[in-house]
Amino acid sequence: MAKILEVKNLKVSYHTYAGEVQSVRGVSFDLNERETLAIVGESGCGKSVTSKAIMRLIQTPPGDIKEGSEILFKGKDILKMEDNELRKLRGGQISMIFQDPMTSLNPTMKIGKQIAESIMIHRGLSSKEAFEEAIKMLKIVNIPNADKRANQYPHQFSGGMRQRAMIAIALACDPNILIADEPTTALDVTIQAQIMDLMKDLQDKLGTAIVLITHDLGVVASVAQRIQVMYSGLIVERGKTDEIFSNPQHPYTWALLQSVPRLDTGNKDVLYSLNGTPPDLLRPPVGCPFAARCKYAMPICKEEMPKETKLSETHSVSCWLQHPMAPKVESPLKAGGAK
Ligand code: SF4
């Protein structure tokens, strides 16, 4: 599959009174056409900053995308695009949905009109045609009575329906890439599952590539083809979804997986919770950023950053435990993975 997005050595800082916060510290990854890539990690790990950088939504100042960073969309660097190219890109070629649709939807405008506006801007249809398209989109995202619902305001929609409406707006212009930033966090578990099913379904039907940003590994298992785990502004493990669930190798990924409820091991009642906090990115540690919270940490971990080790063509991890001289450590997860 062809690469549609290539992020190369992305570094993003924020200048604050206390100093420079290095939120993203050299992140590189690709997104292929028609695939779903999940970026997973705790809040503050740099996943949302990465997604905002892709949309060129980092406000400068205080934000600062560092020299040497590249974000190529179909080979063209988004970071060097002129305003008119950016306008075309946002919404037309790359769309984004956020955690809380209420902050993105206009409370004073009917839902159908909001979808139609986006269609008119990017597809040049008349307002009547665009409104008809908007109703079609509401049907595609499984909103019942779409004709009637199109004439309602956001407050007349439930949380799950508002998120569906946001997805309809995001997909109305048939973008190449959809970035979904914690799209289900504000929703209850049943609705979360429905929204994830919907996104998978839409990807199958429309072929949109998706970057799914989440703190919850549990929601990505059935949706993403690949997963990359971020910690402290870095990618610490990446691989195909099966590789991450059946053969995770980074202690942080182990911790994330232990906090996912599993029916097969019965850990659904007592979930693992990771102690401590991520490092202060005003002064990032020289060694492994996870060292202060890692029960397997060795002296080298605090002194030197581990290099990325390839475990397969698609799976790699940055951890000193992969060094041939390191002690053999068994994954705390039971055999069989965490799916
Ligand atoms: Fe733990 Fe060391 Fe691996 Fe970091 S490099 S995750 S501290 S074992």
Side-chain angles (χ1 to χ4, degrees), residues 9-12 21-29 37-47 49-50 213-218 220-221 224 226-260 262 265 267 271-335 337-338:
N9 195 29
L10 177 67
K11 291 183 184 167
V12 185
V21 179
Q22 299 174 37
S23 301
V24 177
R25 301 194 285 146
V27 157
S28 300
F29 63 92
L37 170 72
I39 305 182
V40 182
E42 286 167 292
S43 99
C45 71
K47 57 192 193 305
V49 176
T50 301
I213 312 274
T214 178
H215 66 281
D216 182 357
L217 252 179
V220 306
R226 283 190 298 137
I227 295 173
Q228 53 195 34
V229 179
M230 276 189 83
Y231 188 79
S232 187
L234 300 165
I235 295 170
V236 294
E237 183 161 9
R238 64 176 104 211
K240 287 189 180 163
T241 300
D242 274 353
E243 291 170 321
I244 298 296
F245 277 89
S246 62
N247 183 31
Q249 290 295 321
H250 196 283
Y252 179 59
T253 314
W254 293 342
L256 286 179
L257 284 168
Q258 282 176 288
S259 63
V260 174
R262 291 177 61 182
T265 63
N267 82 336
L271 293 181
Y272 179 80
S273 109
L274 184 60
N275 290 326
T277 51
D280 179 1
L281 292 178
L282 271 170
R283 288 166 218 86
V286 287
C288 171
F290 193 55
R293 303 168 87 183
C294 179
K295 66 177 177 187
Y296 312 101
M298 302 164 279
I300 182 77
C301 301
K302 295 195 171 131
E303 287 156 18
E304 220 178 293
M305 186 81 85
K307 295 221 165 31
E308 191 166 28
T309 307
K310 251 181 175 267
L311 307 170
S312 76
E313 261 318 294
T314 45
H315 188 188
S316 60
V317 61
S318 301
C319 174
W320 281 112
L321 290 176
Q322 297 302 320
H323 193 279
M325 305 292 281
K328 293 286 157 250
V329 170
E330 273 292 305
S331 158
L333 299 153
K334 291 194 181 157

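Positions are given from 1, in the same order as the sequence printed here. Remember, it's 1-based here, ligands and their atoms both numbered in the order they're listed.
Around atom 4 (Fe) of ligand 1, the protein N, O or S atoms found under 2.8 Å comprise Cys288 SG.
The side chain to side chain contact (heavy atoms under 4.5 Å, CB included) test applied to Pro279 returns Tyr231, Ser232, Pro285, Pro289, not counting sequence neighbours. Residues passing the side chain to side chain donor-acceptor pair (under 3.5 Å) test with Thr253 are Glu237, sequence neighbours excluded. Legend: residues meeting side chain to side chain contact (heavy atoms under 4.5 Å, CB included) with Cys45, ordered by chain and number and at least two apart, are Lys47, Met230.
Between Trp320 and the options Glu303, Met305, Glu304, Lys307, a side-chain contact (heavy atoms from CB on, under 4.5 Å) holds for only Glu304.
A 4.5 Å side-chain heavy-atom check between Val317 and Gln322 finds at least one atom pair inside the cut-off.
In this structure, OG in Ser246 is found 10.0 Å from CG in Leu257, a value given to the nearest 0.5 Å.
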